[in-house]
Amino acid sequence: MPLQHKTKPKADENLRLIRYVDALAEAVSQEMERDPKVFLFGLDVDDHKAIQGSTAGLLDKFGADRIFGTPLSEDAMTGFAVGAAMAGYRPIHVHIRMDFMMLCMNQLVNMAAKSHYTFNGQVRVPMVVRTMIGRSWGQGAQHSQALHSMFMHVPGLKVVAPSNAHDAKGCMIAAIRDDNPVIFMEHRLLCNKEAYVPAESYEVELGKGRVLIEGNDITIVAISHMLVEAQRARKHLEKIGITAEIIDPISLKPLDIDLIVKSVKKTGRLLVVDNGWLTCGAAAEILTQVIEKLPNGLNGKVIPMARMGFAETTCPTTKPLEDLFYPRGRTIAARAYELIRDDGATDWLPTSDERTEIEEFKGPF
Amino acid sequence: MADNKLIARLYEKMLLIRRVEERIAEVYHTDIIKSPVHLSIGQESIAVGACDALNADDIVSNTYRCHATYIAKGGDLNQMMAELYGKSGGCAGGKAGSMHLIDMPNGIMGASAVVGTTIPVAAGYSWALKQDAKKSGKQRIVLAFFGDGATEEGCFSETLNFAALKKLPIIFLCENNRLAIHSKIENRWSDRNIRNRVEAYGIETSYVGDGDVLKVRQSIINAASKVRTGNGPHFIECETYRWKEHVGPGDDVKEVYRNDGEYERWRANDQIEKFEKMLAADEVKKIKGNVEKQIKEAEAFASKSPFPSAEELLKNAFAA
């Protein structure tokens, strides 16, 4: 299925169709060339596999002082990044799976997030924490968690989750240049997805989302890999004459709520599909902010809205259960249809999904 | 034998810390100090001896019990007092309080209330100084203060390994007062010899067991010369004793958690009294006068400084 962001915008010789991970490597390389204070480190960033290719070529180009692997020690390595950042450097700390960030919480929440405020501006903590969400082929309980809402909760942290190679590059450049700690969420199933990416350096502003595909009947805000599923849902809905407007928030904190509200005013309905759990989650936050902005609904009527996300349990490894754990194109389409019908009807469910990247993924990693 | 100038300098610094904290304890009941305080009384010699051995542009990282290390490294006393008062003239504009003193222009990193947390942060800073030195040719170093309790945190061991691996220019200084709040070291350490554990990472260690300020100073001078020339980190254990309760202005030397006779033993070995006897009476008088003057000025500065305005609440939540 050709994804919308693969559509080559206008004629531009500088645009190349490249993978998400290539875009990341290019962003880091360009920033490291521009600013000698930028460095990248973390377990296995300098090995032959180069974190799915996302750090490929960097060691040769910049040397072991600026690209280095570490002992596991996630807690101390995060504190190390905080200290280097306070001393004027711009660390990029890489985690192959987000689940390991539970070991970094003290440093991220107590030091990285708070130091600029607590010390009244005497220090800055410009650091990027790259972290990859896993899915499929039995990633299971502790290789598939998406914990962005935990980080969104804490003042002082920014959280981004770009869904395509174009935004991955621009967001990474913006995150490196930002003077705050930025949690940069990637998704394993987005690693090999291609998009048109300019060769030159550019920023995708943190805090700005985009309308990925325009539509009239319902706004679907989807996060990270759920953007791929939301676009599948849009295809299903198109077949029955419904056009969904797909919004990619890109940045979860700060959140471009105005963009979402504008779209809801146009379509009159809202479905938020998170790549994460629902309780106290990003979807809850987005719905709440929309209600706060539109407390009286639209034209005196309540706005039909709903949220979808991970099943409220631990992710199982076995395929039949794992499939049920995640929202997918057809279930998203069905939920959107319910909101549009407005009468609780649940008599429509598309029969199948094209699920290329999910079926193609054969671990182990 | 140390020269008179050195004796006077160390005495004045130790006395300043002691008197500032005694003054804090004295006025604490008035609620003018808007912050929990973890007093360093009894432990001044470690901070003073160690910081005297550093260059002005070296960095110290400290703990929530940071009054002594802050003053010893040359932290601004007026700003410290204003911080304790919660005033806008404080070293952190009144937002940090006693547990998080900071003075970056004088090389004092902000402290953390969560025990051990600053140890890897200090190591990160020292890594940056090592990179800087490749261009400048001048190796500044970091001295990381922490207590015996902090060595029980995972990040301590993780940091030792990484610092040794990367030969970081950092001195780890454990102020061992054998108390974690009220929990004795005997109830927390399987092996009383922490230097054995640290040496297992390939890190050289040293030890000062009696709080002697000159011995602490000399140990840091020796360690710094090695650390500064690319030989990797050093660890020093300095035994000391906390005379006051864990937090707050009170005395609790009679409480059951303390070992019998320990306070009396350390009290009899007070470095401030010892140094006072080494100086001429008129010099002692002059130093005492100078110390009291500094404290008065700091209190006046703190009193005059306004409380932060409402718009300060959200300022610096994010770096602009």
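To find a chain, count down the sequence lines: A is the first, B the second, and so on, and within it residues start at 1.
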Asker: For B:Ala113, which atoms come within 4.5 Å of any heavy atom of chain A: side chain, backbone, both, or neither?
Answerer: neither
Asker: Tell me, for B:Ala163 versus chain A, whether the close heavy atoms (under 4.5 Å) come from the side chain, the backbone, both or neither.
Answerer: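 No part of B:Ala163 comes within 4.5 Å of chain A.
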Asker: Side chains of B:Arg140 and B:Ser126: any donor to acceptor distance under 3.5 Å?
Answerer: no
Asker: Please tell me whether B:Phe145 and B:Phe172 form a close aromatic pair, meaning their ring centres lie under 6.0 Å apart.
Answerer: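 Between B:Phe172 and B:Phe145, which both carry aromatic rings, the centre distance is not below 6.0 Å.
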Asker: Quiz question: by atom type and distance under 3.5 Å, do the side chains of B:Glu237 and B:Asn176 form a donor-acceptor pair?
Answerer: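 Yes, because at least one side-chain N or O of B:Glu237 sits under 3.5 Å from a partner of the opposite role on B:Asn176.
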Asker: Counting only heavy atoms closer than 4.5 Å, note whether B:Ile119 contacts chain A via side chain, backbone, both or neither.
Answerer: neither
Asker: Consider only side-chain N and O atoms of B:Gln131 and A:Lys37, and report whether a donor and an acceptor are under 3.5 Å apart.
Answerer: no
Asker: Quick one, A:Glu31 with A:Val28, criterion side chain to side chain contact (heavy atoms under 4.5 Å, CB included). Give me CA distance, side-chain angles, the key distance, then yes/no.
Answerer: CA-CA 5 Å; A:Glu31 281 303 283; A:Val28 171; 5.9 Å; no
Asker: For B:His100 and A:Phe119: C-alpha separation, side-chain torsions, deciding distance, then whether side chain to side chain contact (heavy atoms under 4.5 Å, CB included) applies.
Answerer: CA-CA 8 Å; B:His100 307 281; A:Phe119 303 128; 3.6 Å; yes
Asker: If you count every heavy atom of other residues, nucleotides or ligands that lies below 6.0 Å from A:Lys262 atom NZ, does the total exceed 12?
Answerer: no
Asker: Under 4.5 Å, heavy atom to heavy atom: which of residues 103-116 of chain A reach chain B? Give them by number, or say none.
Answerer: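 Residues in range: A:Asn106, A:Gln107, A:Asn110, A:Met111, A:His116.
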Asker: With a 3.5 Å cut-off and no angle check, do the side chains of A:Lys61 and A:Ser29 form a donor-acceptor pair?
Answerer: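 There is such a pair between these side chains.
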Asker: Under 3.5 Å, is there a donor-acceptor pair linking the side chains of A:Asn180 and A:Asp178?
Answerer: yes
Asker: Is B:Asp58 paired with B:Lys73 through a side-chain N to carboxylate O contact shorter than 4.0 Å?
Answerer: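 Result for this pair is no, no salt bridge flagged.
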Asker: Is it the backbone or the side chain of B:Glu153 that comes under 4.5 Å from a heavy atom of chain A, or both, or neither?
Answerer: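 Neither part, no heavy atoms under 4.5 Å.
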Asker: So for A:Val125, is it side chain, backbone, both, or neither that comes closer than 4.5 Å to the heavy atoms of chain B?
Answerer: neither
Asker: Please flag which part of B:Leu313 lies under 4.5 Å from any non-hydrogen atom of chain A: side chain, backbone, both or neither.
Answerer: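 When you check distances to chain A, atoms from both the backbone and side chain of B:Leu313 fall under 4.5 Å.
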Asker: Among side-chain atoms of B:Ser98 and B:His67, is any donor-acceptor pair under 3.5 angstrom?
Answerer: yes
Asker: I need the residue from B:Val121, B:Leu129, B:Thr159 with the largest number of non-hydrogen atom pairs under 4.5 Å to chain A.
Answerer: B:Val121
Asker: Within 45° of the ring axis of A:Phe68 and under 6.0 Å from its six-membered ring centre, is that where the NZ or CZ of B:Lys166 lies?
Answerer: yes
Asker: Does any donor atom in the side chain of A:Asp35 or A:Tyr89 lie under 3.5 Å from an acceptor atom in the other side chain?
Answerer: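 Note: A:Asp35 and A:Tyr89 side chains miss the donor-acceptor criterion.
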Asker: Out of B:Asn161, B:Thr117, B:Val114, which one racks up the most heavy-atom pairs below 4.5 Å with chain A?
Answerer: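 Sorted descending by pairs with chain A, the first entry is B:Thr117.
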Asker: Any residues in residues 81-95 of chain B near chain A, with a heavy-atom distance under 4.5 Å, and which are they?
Answerer: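 Near chain A, by residue number: B:Cys91, B:Ala92, B:Gly93, B:Lys95.
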